[in-house]
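Here the structure comes first, spelled out in structure tokens, and everything after it is commentary.
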Amino acid sequence: MTDSKYFTTTKKGEIFELKSELNSDKKEKKREAVKKVIASMTVGKDVSALFPDVVNCMQTDNLELKKLVYLYLMNYAKSNPDMAIMAVNTFVKDCEDPNPLIRALAVRTMGCIRVEKITEYLCEPLRKCLRDEDPYVRKTAAVCVAKLYDINAQLVDDQGFLEQLKELLSDSNPMVVANAVAALSEMNEASITGSPLIEMNSQTINKLLTALNECTEWGQVFILDSLANYSPKDDREAQSICERITPRLAHANAAVVLSAIKVLMKLMEMLPTDSDFVTTLTKKLAPPLVTLLSTEPEVQYVALRNINLIVQKRPDILKHEMKVFFVKYNDPIYVKLEKLDIMIRLASQANIAQVLSELKEYATEVDVDFVRKAVRAIGRCAIKVEQSAERCVSTLLDLIQTKVNYVVQEAIVVIKDIFRKYPNKYESIISLLCENLDTLDEPEARASMIWIIGEYAERIDNADELLESFLEGFHDENTQVQLQLLTAIVKLFLKRPTDTQELVQQVLSLATQDSDNPDLRDRGFIYWRLLSTDPGAAKDVVLAEKPLISEETDLLEPTLLDELVCHISSLASVYHKPPNAFVEGRPGLRKSLPARNENTSASNVPQAAVIPAPQESLIGDLLSMDLTTPAVVPTSVQPPSVDLLASGLDSLLTTSDLPAASSSNTGLLGDIFGFTPTPVSYSPPKQLWLPSENGKGLEIMGTFSRKNGQISMDMTLKNKAMQPMSGFAIQLNKNSFGLTPARPLQVLNPLLPTASYETSLALATTGLVQRMEPITNLQVAIKNNIDVLYYACIIPMNVFFIEDGQMDKRVFLKTWKDIPAENEVQFTLKNVLCNTEAIVLKMSQNNVFTIAKRHVEGQDMLYQSLKLTNGNWVLNELKIQPGNPNITLSLKLLAMEVAQGVFQAYDAILHS
């Protein structure tokens, strides 16, 4: 009979019956009772009341019963920590049992019981199990170290378990090695500092490679992932590792194959690109990737997302494998779309005929999304492979002749791009496009058609009539169409001013007087002023020559691509986003491929985000800095050359100060009215802190700001209850920065129903301090005549930046050298649309002061300092590359816990 009978009972008074059965003298009855308890626990019933009775059943030789009791303990120990101590003696005793299965079971269960009191007793049994004679016990103990590290990292360090794990990397049993590697990987990811807990060397790597051939498939994945984080000392070692990993490409498990490809992709960066070995390796990478496409659709999709990255990095690998990416009739839509994307990336002059005939076939499918993507793909092929452009245009015209509405609209959108890429080449087809004008109902297609009419207005006799037909329903059009229509009519007027004056006046009036859209209104006013003041300038602006569009606009940014290649076979490679973009609380550590160099040396080792730079080079960097405060307006004065071996440091420190950026930038209003504007510090928009349903009718929205050296809590209180509110008071819990109200809360008394009130509460930093998680978390209690209400909010870190945070240059140099290298953390600020001077200005308005600026290898380096209200200093380095919206921010600080908050403050300020 199966165990399903245990799940069928619904009797009342069952707990009492189970209690008596658990205390029975008969072993069989006890086992049956424990099975019933586990069944009840599995279906969600609370059987925690039986804890002492179940624990009493631990003293047994029956392995099945022991497993069930341990399962119960893992589930309920956290809610009964005091009673869980009762089980400790049995655990310790079981760790010395002659049966290795029981020893392993005991140490595994102790690791799964996340109770602080029990972890103290776990250390000694765990230490013995790590040295156990049985490999099964050792591999279980290795994983238990990672679990203990998650509960208490300091304890693992103090008890020397890291060293024991390192010893297990040399174990004779491959599964023990694999589990030790898995445990270390887990601990590295959970590490706050992000620096590797154990440095890998050539000897350790050799042992891992030896174990690789003999351990299970998931053990191989862990070892390969660990190898991916190792940087060989030279290209000979890299080649040797590649040769030993290559056989894994033939493995049946897709995860092993992708992990092996990840390691090989990274190591190939260190080898000379023209070497025979790299050519051979490139050929070997294609078959396993092709094989992955014959699996089930879900695995195919993951493989395709990874192949997308591989093709962008090394298109040569799959350049002869176009046919495997042709879509099958029974492929799911997500696989079809991904295959289509890769087909376009692999398209070349050699295979374009084959690709086009496939795409034309796809455009007749029934799946609308897929057809649209196929039509767009034809346009992308025309832009990518110039020799095929004429054939692509002909194919698109054939598709337009089908008169299928959504096909026609997509074709017009891509033909607009083809016109941009090949001006004055295919304009003969415009008349055919105009025939389909009445069928266009999608904004993007209408906007594309309007752009074509405006751009080639001189070649279309009735262009004014066509544009006027769009103008009839101007206010009902999408913003994209309105903007394009405005520009097209202005272009038409500049080309044919005599007969279109009335039309341009009509569209300008609609855009500026009758529209609520600020973008449309602003563009209308600019065109109006240009046309009324200087028609010649208007012609130069509106009819200016347009840059040719690129064929690969959807390629990933190179640094992001390099990082994602390092994460092949993980979620990051499926999302095409770095891990810190979707994993909450992950430290800002970034992986990157090593710099490619024909003569690979130790200097090519990729730097992790926590930079253990040698002191000598750090001092050299600082000594060569321009230690003058950068001005907003660049001057032509060249800084004197510095002799680093003589009195270079003194000459740098005695250079005269230039005026600070913030004080020299008074702006246009200052020029006109003769006043200096007060710098405005960043304050985030108000957020909902207390919803009315939680606040018994009181809704609170708020934010924090810093004005004139004073932190303020700015709130809007709204009464959504049916009765007046009065007697308001506020209290803040102990917090990381000692924030406390500097004066009582001022609120309109009484606050009538539906009324709202804006108030600003001044805060001091003289209150009691207690470390919060996250560090800027603030717990608030607010009282009124109805009740005491509680909520929590996050304080933006920049309100703690104080006004005297400008560090002396000498002190900056000394402090930079004194802070240990492991206290440097690196982040990436993405999509920052500010130049260097604007960054200096914005940050100075928020009490982040620039100490020095220098220009190195085509990028600007800014060195800045800030001081927090608790006296902690943070030294910052910004690497700004002209034309690149991503900025590297390095923070050097003693209080590592504020690093994430400072990064978030920078990110918010520079995007404000």
Side-chain angles (χ1 to χ4, degrees), residues 516 518 584 677-721 724-733 735-737 739-765 767 772 774-784 786-802 831 842-843 845-848 868-869 900-912:
D516 295 330
E584 285 185 12
T678 306
V680 180
S681 63
Y682 169 72
S683 177
K686 284 184 177 175
Q687 294 180 327
L688 183 61
W689 284 347
L690 181 68
S692 57
E693 55 268 25
N694 296 349
K696 299 192 177 179
L698 177 64
E699 179 185 274
I700 301 178
M701 294 189 70
T703 186
F704 291 88
S705 60
R706 186 179 186 90
K707 299 165 192 160
N708 302 319
Q710 175 73 62
I711 301 173
S712 298
M713 182 190 273
D714 305 321
M715 294 180 285
T716 302
L717 283 74
K718 186 165 187 178
N719 183 359
K720 290 191 172 182
M725 294 181 180
S726 59
F728 284 91
I730 195 166
Q731 191 170 341
L732 308 184
N733 197 4
N735 52 80
S736 306
F737 290 87
L739 280 184
T740 187
R743 58 172 181 262
L745 178 64
Q746 302 291 325
V747 181
L748 186 68
N749 200 5
L751 187 63
L752 298 174
T754 73
S756 61
Y757 185 76
E758 303 265 350
T759 185
S760 187
L761 177 68
L763 302 175
T765 53
M772 302 296 289
I775 197 162
T776 52
N777 191 26
L778 181 67
Q779 295 172 343
V780 183
I782 193 159
K783 180 179 82 74
N784 59 19
I786 296 172
D787 203 350
V788 180
L789 309 164
Y790 301 93
Y791 64 88
C793 53
I794 299 296
I795 316 161
M797 185 66 81
N798 59 288
V799 302
F800 299 116
F801 299 172
I802 62 175
N831 299 320
K842 275 192 173 188
M843 297 315 298
Q845 289 171 346
N846 289 275
N847 297 335
V848 180
L868 301 173
T869 52
Q900 188 69 28
V902 173
F903 158 66
Q904 288 166 353
Y906 260 89
D907 197 51
I909 291 166
L910 294 180
H911 285 97
S912 63

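Sequential numbering from 1 along the given sequence is applied to the chain's residues. Model, not experiment: these values are computed from the prediction.
- Panel note: side chain H911, backbone Y906; no donor-acceptor pair is recorded below 3.5 Å.
- Side-chain contact between L868 and I802 is absent, with no heavy atoms from C-beta onward closer than 4.5 Å.
- Looking only at side-chain heavy atoms (C-beta outward), I794 and P774 come within less than 4.5 Å of each other.
- Within the 4.5 Å cutoff, side-chain heavy atoms of L789 are placed close to those of L698.
- Closest heavy-atom contact between N719 and M725: OD1-CE, 3.3 Å.
- Applying the ring-ring contact (aromatic ring centres under 6.0 Å, His included) test to every pair with at least one member in residues 689-710, sequence neighbours left out, gives these pairs: W689-F704, W689-Y791.
- When all heavy atoms of C793 and N777 are compared, the closest pair comes out as O-OD1, 3.3 Å.
- Note that the CE atom of M772 and the OG atom of S736 stand 6.5 Å from one another [nearest 0.5 Å].
- Other residues, nucleotides and ligands contribute only 12 or fewer heavy atoms inside 6.0 Å of the CD atom of Q687.
- N846 places no side-chain N or O within 3.5 Å of a backbone atom of V848 that could act as its donor or acceptor partner.
- Across all their heavy atoms, A762 and Q710 have their closest contact at CB-NE2, 3.7 Å.
- Put simply, CG on N847 and CZ on R706 are 6.0 Å apart, with the number rounded to the nearest 0.5 Å.
- Looking at E699 and L690, their side chains never come closer than 4.5 Å, going by heavy atoms from C-beta outward.
- Side-chain contact annotation: D714 with T703, donor-acceptor N/O pair under 3.5 Å absent.
- Legend: residues meeting side-chain contact (heavy atoms from CB on, under 4.5 Å) with A729, ordered by chain and number and at least two apart, are K783.
- One N or O on the side chain of N735 and one on the backbone of N733 form a donor-acceptor pair closer than 3.5 Å.
- A distance-only check finds no donor-acceptor pair linking the side chain of S705 to the backbone of S683 [under 3.5 Å].
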Inset, instruction - Please assess M843 against L910 for the test side chain to side chain contact (heavy atoms under 4.5 Å, CB included), listing each intermediate value before the final yes or no. - result: CA-CA 8 Å; M843 297 315 298; L910 294 180; 3.8 Å; yes
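- The shortest distance between side-chain heavy atoms of P741 and L732 falls below 4.5 Å.
- At least one side-chain heavy atom of I909 sits under 4.5 Å from a side-chain heavy atom of N798.
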Side-chain donor-acceptor contacts of residues 744-758 below 3.5 Å, not counting sequence neighbours, with atom names and distances?
residue: E758; atom: OE1; partner: K686; partner atom: NZ; Å: 2.7
residue: E758; atom: OE1; partner: T716; partner atom: OG1; Å: 3.1
residue: E758; atom: OE2; partner: T716; partner atom: OG1; Å: 3.1

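- Side-chain contact check for F801 versus T869: every heavy-atom pair is 4.5 Å or farther apart.
- Separation of atoms CD1 (I782) and OH (Y790) is listed at 12.0 Å; rounding is to 0.5 Å.
- Of all heavy-atom pairs spanning R743 and S760, the tightest one is NH2-O, 3.8 Å.
- Here the closest heavy-atom approach between residue M713 and residue L763 is recorded as CB-CD1, 4.1 Å.
- Taking both residues in full, the closest heavy atoms of S912 and K842 are given as O-NZ, 2.6 Å, listed atom of the first, atom of the second, then distance.
- Side-chain atoms of F737 and M797, non-hydrogen and from C-beta on, do get closer than 4.5 Å to each other.
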